[in-house]
Amino acid sequence: QTATHLVCPPMTRLKSGLHLPELLDALGVGSLTAYTDDTADWSSRLYDRFLDLFPDDKDEACTSAVCHRVTFMYSLLYEHHQLNTATHDALHEMFGVANVAALEHLALMVRAGALRSADGQDIYLPHLERMDIPIAFIHGAENARFLPASTERSADVLGRANGAQRYRRQVVPGYGHFDCVFGKQAAHDVYPLILDHLEATK
């Protein structure tokens, strides 16, 4: 679901445009964590109250502080109805700590709308022939991290460079980003699409 081009929703573009990761870096914040607990210090509790103001996941009606942190760090990565309780409760284990330098790089690419090196150079797109391999783009229709237009654009650009027959793209209704892999019905709804591609290209 992440490809050569990045088309993101307005809130992600806003956070990237405001250079929030660079601001955090300038303030001496080297990393962000999805983990929180009831015995957290005042700064951690203040961080959680601050995140309550962000509208990213209000439609999901979730009260989990971990969930809000994950959404602030990466955007809304899943449709809640696709996660079972055990997966939702383990989100802090799956996401853990995010390096602010990595978030800076992601924000840079969001602003550019495509892959870039960490220093902002366009070193990948001039060499699309290196991606002359069979690729299946499988994208959640509700993906709020990278909109489906991302892989649509990538498949088009790669197809024109290397031949459209090398690329397949399928959009999965009712799924976001992360839940295409860890969703409670992903093995039924998404994995067969992966298997079909592997069987067709072995």
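Quick caveat, the model's predicted, so the values are computed rather than measured. The analysis underlying the following values was restricted to heavy atoms, covering all of them including side chains, and did not include hydrogens, waters or symmetry mates.
Atoms CD1 and CG, on Ile138 and Leu193 in that order, are 5.0 Å from each other to the nearest 0.5 Å. Note that CZ of Phe178 is 5.5 Å distant from CG of Leu91, once rounded to the nearest 0.5 Å. Put simply, CG on Leu6 and OG1 on Thr12 are 10.0 Å apart, with the number rounded to the nearest 0.5 Å. Atom CG of Leu76 and atom SG of Cys67 lie 7.5 Å apart (nearest 0.5 Å). Considering NE2 of His139 and OG of Ser150, their distance stands at 5.5 Å, rounded to 0.5 Å. Here CG of Asp189 is found 9.0 Å from SG of Cys180. Values are rounded to the nearest 0.5 Å.
The hydrophobic side chain of Val171 is isolated, with no ILVMFWY side chain under 4.5 Å apart from it. Here Leu147 is tied into one hydrophobic group with Val7, each link being a pair of ILVMFWY side chains closer than 4.5 Å.
Evaluation of the side chain to side chain donor-acceptor pair (under 3.5 Å) rule for Asp132 yields Arg166 as partners, not counting sequence neighbours. Judged as a side chain to side chain donor-acceptor pair (under 3.5 Å), and not counting sequence neighbours, the contacts of Tyr167 are Asn162. Listed by chain and number, the residues in a ring-ring contact (aromatic ring centres under 6.0 Å, His included) with Tyr74 are Phe95 (sequence neighbours excluded). Considering only residues two or more places apart in sequence or on other chains, Arg169 meets the salt bridge (charged side-chain N to carboxylate O under 4.0 Å, His left out) condition with none of them. Every residue was checked against the side chain to side chain donor-acceptor pair (under 3.5 Å) condition with Thr2, not counting sequence neighbours, and none meets it. Asp156 pairs by the side chain to side chain donor-acceptor pair (under 3.5 Å) definition with Arg160, not counting sequence neighbours.
The heavy-atom pair separating Phe146 from Cys8 by the smallest distance is CD2-SG, 3.9 Å. Heavy-atom minimum distance, Ser154 versus Ala3: OG-CB, 3.1 Å. Across Arg116 and His105, no two heavy atoms sit closer than the pair O-NE2, 2.7 Å. Pairing each heavy atom of Gly174 with each of Ala141, the nearest pair is N-CB, 4.4 Å. Here the closest heavy-atom approach between residue Arg145 and residue Pro9 is recorded as O-CD, 3.7 Å.
Both Phe137 and Ile133 belong to a common hydrophobic cluster when Ile, Leu, Val, Met, Phe, Trp and Tyr are linked at side-chain heavy-atom distances under 4.5 angstrom. Residue Ile135 is not grouped with residue Leu198 when hydrophobic side chains (ILVMFWY) are merged at heavy-atom distances under 4.5 angstrom, including chains of intermediate members.
Under the side-chain hydrogen bond (donor to acceptor under 3.5 Å, both in side chains) criterion, the residue pairs touching residues 177-186 are Asn143-His177, with sequence neighbours excluded. Judged as a salt bridge (Lys or Arg N to Asp or Glu O under 4.0 Å), not a single pair has a partner in residues 90-102 (not counting sequence neighbours). Every pair passing side-chain hydrogen bond (donor to acceptor under 3.5 Å, both in side chains) that includes a residue from residues 193-202 is listed here, sequence neighbours excluded: Glu199-Lys202.
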Donor-acceptor pairs are to be reported for all side-chain atoms of residues 118-129 against protein atoms at under 3.5 Å, with residues two or more places apart or in another chain.
unit_1	atom_1	unit_2	atom_2	d
Asp119	OD1	Ser117	OG	2.3
Asp119	OD1	Gln121	N	3.4

| field | Intermediate values then yes/no, side chain to side chain contact (heavy atoms under 4.5 Å, CB included), Gln82 and Tyr175 | value | CA-CA 7 Å; Gln82 296 290 4; Tyr175 279 81; 3.5 Å; yes
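The main-chain N or O of Phe182 is never found under 3.5 Å from a side-chain atom of Tyr78 such that the two would form a donor-acceptor pair.
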